[in-house]
Amino acid sequence: MTKTSTRLFDRKILGDAIRASFWKLDPRVQLRNPVMFAVYLGSILTTILWLNSLSGSTGESSTFVLGVAMWLWFTVLFANFAEAIAEGHGKAQAASLKKSRTTVIARKIANKADRITEEVSATDLKIGDIVIVKAGETIPADGEVIEGVASVDESAITGESAPVVRESGGDRSSVTGGTRVISDWLIIQVRTLPGQSFLDRMIAMVEGAKRQKTPNEIALAILLAALTLIFLLVVATLLPFSIFSVEVSGQGRAISLTVLVALFVCLAPTTIGALLSAIGIAGMNRLSQANVIAMSGRAVEAAGDVDVLLLDKTGTITLGNRQATRFIPASGTTEKELAEAAHLASLADETAEGRSIAVLAKKQFGLRGRELEHIQPHFVPFSARTRMSGVTLDGHSIRKGAAEAVETHVRSLGGFLPEDVRVAVQEIAKSGGTPLVVSRDDKVLGVIELKDIVKGGIKERFAELRQMGIKTVMITGDNPLTAAAIAAEAGVDDFLAEATPEAKLSLIRDYQKGGRLVAMTGDGTNDAPALAQADVAVAMNSGTQAAKEAGNMVDLDSNPTKLIEIVNIGKQLLMTRGSLTTFSIANDVAKYFAILPAAFAATYPALKALDLMRLSSPSSAILSAVIFNALIIIALVPLALKGVAYRPVGAAQLLRNNLLIYGVGGLIVPFMGIKAIDVMLTLMRIA
Ligand SMILES: Nc1ncnc2c1ncn2[C@@H]1O[C@H](COP(=O)(O)OP(=O)(O)OP(=O)(O)O)[C@@H](O)[C@H]1O
Ligand SMILES: [K+]
Ligand SMILES: [Mg+2]
């Protein structure tokens, strides 16, 4: 996604939004928002009352009725505008995504054996088809690399210009349609149908086509609708009441229908009713500006409520390129002997760890890759479950891996872990390094020290999360000593060491049973079950298809620390909604008291004593309130779109601040606003 972040009121978006405000006057659109639908009906009713008043028989000033009718229409239009402008920002982002969705010609491999290719349009590809993509060509569909290694330019979707490596096997095998191969070639198996690709789903998401109301939003909408109904009933009973008291006392005039409608609109929660959907859409937009695509709005909200964050150690908390720094031989073994064995055990090990061991052995002892084909080596790849890797050749089995794993392995062959090696392992672990024990058959040869670096600034971020009341748990396949050292250095609240994929899953379940909402990130197929279980599950775009399908968000930048930002965006969404709801309701109460004396001045002249605001006339007071009620919506659109300013503090303090600023503010602002409008109306009439 191009990061030309659209300004809040871009001219094109503004123009489109103004036009859309009128389109949205369609009653079918209005019906979706009960609060605003009631205002809409009020606008129609007062317009009819105005037409009636033109004859002069109603005894009401037609300018006054027209004023009320016009400002009620503005109220509806302003609400439409708020939603339209939020949608406009989403559409602008979608448009930049669409540019990358050009039709491409795919080179389909019809016959795998002799690699005969035929050219077909990308739109004709089917799931399971195999295509070859060479340097300079665009990848025609989402898929999995089944052969080859290449660098791929994913800037079309990530906005990130540095190319990424995509290769078969492992956790970097997934490719996205619309991205470009810039070196070498890839053979790809198509995984999605045209039109349902990842890019298509993203476009639909940001365009808001698939936007569904979230559970919280629905609950709030129901509450607002109920409030509206109550106020409707309250206002409706005022009419017979007023007529009755005029009849009994024989003085004053009954309240007019226009004033009743005005009173109702001022009472109804129109501010939040008008801004609610804009707030939700803006939250999604902020997320996609952070290069995260949420598969559901629900996930965004859940992010705001998360109380436990599970973070991988390697790559999230640390830089992630664990490098071999030292060979420590067991007594009776030379350093070179250890290095040679470690080197052999790493020849086919494509992990960052494996490669760095080969590099260190080359640097220290000049060892290089050998022709091993004639001795028929059998490579044992690393797996998170076995925590070991190695090779069997010439009848010897050479292994390297976690101390416990290698100890179990040599014991099964009759060997043991020597005391000096055990001490070395503990020392490396206590310093936060990862020890890898190397063995040949039943004999332990020594330890390799792997070092990783804790990311700069991460401790401060965890401190922020703690202040927000979020618990951070580090998960690692490493041993408890290493885990404890890194956990202390990074400042996480807790850790889970020697974690298998199953352990991750059950940890999440345990937290959820305790009523907590859990967020995690992952990229491997191994992570898929845990991602499916977590409430907020962010898959890395570079990760496997399985991980992406299991998660409910995808980070296009594949940055595991993004989770922290996502939580911030979710919190901000919930806070903006809460603040504006508080403001809206406080505002309505204040408005009620501001115009009540005016509304009933005709019926009960005694109420004049309550008129603290000294508004110039009852009709000016009512019109001022209606105008204020409409203008406050427009005034709050920028806040709804940008979100309220956010500081990481605990929930209780947040609530207190909120009530203070938006509650008390909401009570005071109408008095000042209505008075100011009243003064202006009076001045204009004088002029
Ligand atoms: N290439 C490798 N060959 C042999 N053993 C390895 C290799 N890489 C890691 N190990 C051992 O396996 C353990 C688990 O590694 P794994 O990659 O599953 O978890 P991790 O990287 O420590 O944690 P994280 O979940 O943060 O990635 C490591 O602590 C290390 O002892
Ligand atoms: K209102
Ligand atoms: Mg790892």
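Predicted, not measured: the structure shown is a model, and the values here were computed from it. Ligands are counted one by one from 1 in listed order, and the atoms in each one are counted from 1 as well.
Within the 4.5 Å cutoff, side-chain heavy atoms of Asp588 are placed close to those of Pro269. Side-chain contact between Leu623 and Ile627 is present, with heavy atoms from C-beta onward closer than 4.5 Å. With a 4.5 Å cut-off on side-chain heavy atoms, Ile632 and Asn587 count as touching. When side chains are defined from C-beta on, Phe495 does not count as touching Ile475, because their heavy atoms never get closer than 4.5 Å.
Under a 4.0 Å criterion applied to the non-hydrogen atoms of Ile475, ligand 1 contributes the atoms 25 (O), 26 (O). Set against the non-hydrogen atoms of Ala402, the atoms of ligand 1 under 4.0 Å away are 31 (O). The distance from ligand 1 to the heavy atoms of Gly401 drops below 4.0 Å at these ligand atoms: 4 (C), 5 (N). Remark: ligand 1 atoms within the under-4.0 Å shell around heavy atoms of Lys313 are 26 (O). Under a 4.0 Å criterion applied to the non-hydrogen atoms of Gly477, ligand 1 contributes the atoms 13 (C), 14 (C), 19 (O), 20 (P), 22 (O), 23 (O), 25 (O), 29 (O).
With no hydrogens or angles considered, no side-chain donor-acceptor pair links Thr318 and Lys455 at under 3.5 Å. Side-chain contact check for Gln30 and Asn80: at least one donor-acceptor pair (N or O, by modelled atom type) lies under 3.5 Å. In this model, no donor atom of one side chain and acceptor atom of the other lie less than 3.5 Å apart for Trp71 and Ser43. Counted by atom type alone, Asp312 and Thr476 present zero donor-acceptor pairs between their side chains at under 3.5 Å.
Side chain of Asp441 to main chain of Ser397: a donor-acceptor pair is present (N/O by atom type, distance under 3.5 Å, no hydrogens or angles).
Inclusion of Val265 in the first shell of the K ion (ligand 2) is supported: an N, O or S atom falls under 3.4 Å. Note on Ala268: counted as a metal contact of the K ion (ligand 2), an N/O/S atom lying under 3.4 Å. Residue Thr270 counts as close to the K ion (ligand 2), with an N, O or S atom under 3.4 Å. Residue contacts to the K ion (ligand 2): Ser584 brings no N, O or S atom closer than 3.4 Å.
The K ion (ligand 2) sits nearest to atom OD1 when only the N, O or S atoms of Asp588 are considered.
With respect to the salt-bridge test (charged N to carboxylate O, under 4.0 angstrom), the residues Arg355 and Asp349 do not qualify.
Contacts with ligand 1 closer than 4.0 Å are made by side-chain heavy atoms of Asp349 only, the backbone lying farther away. Residue Thr476 touches ligand 1 through backbone and side chain together, judged by heavy-atom distances below 4.0 Å. Residue-level proximity to ligand 1 for Lys400 is carried by backbone and side chain together, each with a heavy atom below 4.0 angstrom.
Backbone and side-chain nitrogen or oxygen atoms of Met388 are examined, and none is located within less than 3.5 angstrom of a nitrogen or oxygen of ligand 1. Between Lys504 and ligand 1, no pair of N/O atoms sits closer than 3.5 Å.
Under the 4.0 angstrom criterion for non-hydrogen atoms, Met474 is not in contact with ligand 1.
Considering Asn479, Asp478, Ile448, Val380 only, the shortest heavy-atom separation from atom 28 (C) of ligand 1 involves Asp478.
In this structure, Thr576 and Leu639 approach most closely via the heavy-atom pair CG2-O, 4.0 Å.
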